[in-house]
Amino acid sequence: MNHKNSETLFERAKKVAPGGVHSPVRGFRSVGGAPVFVERADGAEIFDVDGNSYIDFCQSWGPLLFGHKDPEIEEAVLGALKRGWSYGTAEPYSLEFGELLTSRIPGLESVRFVSSGTEAVMSVLRLARAATGRNKILKFDGCYHGHVDALLVRAGSGLADMASPDSAGISAQTAADTLVCPLDDEAAFELIMNTHGKEIAAVCIEPLPANNGLLPQRIEFLKRVAEISKEHGSLLVFDEVISGFRVALGGMTEVTGIRPDILCFGKIIGGGFPVGAYGGSQEIMKWIAPSGPVYQAGTLSANPVSMSAGLAMLKKAIHDNPYPQLEAATKAFTQELSHLARDLPFESSMQSEASLFWMVCGKASTAPVRAIGQIPETQKALYSKVFHAFLDEGLYFAPSGYEVGFLSTAHTPAVLDQALERAKRAFKKLK
Ligand SMILES: Cc1ncc(COP(=O)(O)O)c(C=O)c1O
């Protein structure tokens, strides 16, 4: 497959943007090579500047439940554009959206719209600190919550130790306020909470971790996390930026029956436009300005075009209930992929939950893989080979072995059959 035009654009892009991209994983550093430059997308497909098309399993990293350029969302966006695209004052669209969300999401009584998942999580930490009068935050190793300073940290050298910055530019003092606990480990969580619980404002978790591979958690573990957090008076934050409206309309909150104190949303909630949101009970949300003393604002918050896109997405999700069909299609697709992968010269396995999936490349110590320590060391190197073989056959998977894949309703049975044919050819080349 020829990528000449993409390569030329990438050389130009590197001159005007760090690494040539505007979000790091897009730079293909993890898998090597130059990113493909996409000039249009439709349904399950993306089309690059060299005239190549790919069946897209990245789907803009999750927001596109109905595939690219869904006609109902397109119509809503075009309608919104005709009414003007930013008012900077109260408008009815976020009201309708807020009413819909609070009527459908368990435990969500009041919601604040922002412009990204990062912004939602960042605001929630401030809220939790104000509401509890505490400073420390606990996160889990292997969960990603956007590029919020306090959460862009990794575990220290021992359990219940101070975390270390996971990016240059994060002060040691900021990292010191965060504690990092392994996933899938009740005993470790209990130990940290028994030591520091009374200082911890928020326990922040992706209830379906999907940013270091797909690491499904046992329901008993999630329930213990909720119970122990409550015992210590720490607020439980479910970061449902990926899982919200993806695993079910009510996200993991609905699936697990657990009621977190605060919820964060992003991705699907904007229908492919920049929207994030956070919320919880009236009691907790009244801390937020102008009701309360926690300041949080945004020039483009609840932008009418983004609100219209998100509303159209969620109304369609309510009307169509695509979840059972998506889950069944994902299960069947990944089973077939596993079957085809049996001829590869290395061991691999597929993990899937709802319409998310992940290919484990190498011999995992456990099945399923639930914590980052269980991911094979070969993951990055072997996935890179699979990624390029797929790309060459017209399959676009996430350009990192630690990112998950997504199905949308645009991945019809015919599209998935075609994808499996292409995967078969790709695997043959890797033999
Ligand atoms: C679970 C989770 N939280 C937060 C974020 C940050 O969202 P955004 O990229 O919109 O800032 C992400 C992004 O991938 C995410 O997966």
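First listed ligand is number 1; within each ligand, the first listed atom is number 1.
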Step-by-step side chain to side chain contact (heavy atoms under 4.5 Å, CB included) determination, Leu125 to Leu151: CA-CA 10 Å; Leu125 300 192; Leu151 296 174; 3.9 Å; yes
Could you find the nearest protein heavy atom to atom 10 (O) of ligand 1 and give me its residue, atom name and distance? Gly117 N, 2.9 Å
Any nitrogen or oxygen of Glu206, main chain or side chain, under 3.5 Å from a nitrogen or oxygen of ligand 1? no
Among Val114, Val404, Val241, the residue with a heavy atom nearest to atom 12 (C) of ligand 1 is Val241
Per-atom contacts of ligand 1 with Ile242, taking only distances under 4.0 Å to non-hydrogen atoms: 16 (O)
Purely on distance, is any nitrogen or oxygen of Asn211 under 3.5 Å from one on ligand 1? yes
Numbered atoms of ligand 1 (with element) below 4.0 Å of Lys267, judged on heavy atoms: 13 (C), 14 (O), 16 (O)
Note: ligand 1 atoms sitting under 4.0 Å from heavy atoms of Asp239 are 1 (C), 2 (C), 3 (N), 4 (C)
Find all atoms of ligand 1 within a distance of less than 4.0 Å from any non-hydrogen atom belonging to Gly146, and give their numbers and elements. 4 (C), 5 (C), 6 (C)
Do the ring centers of Phe140 and Phe189 come within less than 6.0 Å of each other? yes
For Phe245 together with Phe265, are the ring centres under 6.0 Å from each other? yes
Taking ring-ring contact (aromatic ring centres under 6.0 Å, His included) as the test, write out the residues that go with Tyr54, two or more places apart. none
In terms of ring plane angle, is the pair Phe333 and Phe357 parallel, tilted or perpendicular, where the classes change at 30° and 60°? perpendicular
Contact with ligand 1 for Tyr144, non-hydrogen, under 4.0 angstrom: yes
Taking the ring of Phe397 and the ring of Phe387, is the distance between their centroids below 6.0 Å? no
Evaluate Thr118 for polar contact with ligand 1, using N/O atom pairs at a separation under 3.5 Å. yes
Within 4.0 Å of some non-hydrogen atom of Ser116, the atoms of ligand 1 are 10 (O), 11 (O)
Who are the ring-ring contact (aromatic ring centres under 6.0 Å, His included) partners of Tyr396, not counting sequence neighbours? none
Kindly compute the distance separating CD (Glu186) from NZ (Lys223), expressed to the nearest 0.5 Å. 12.5 Å
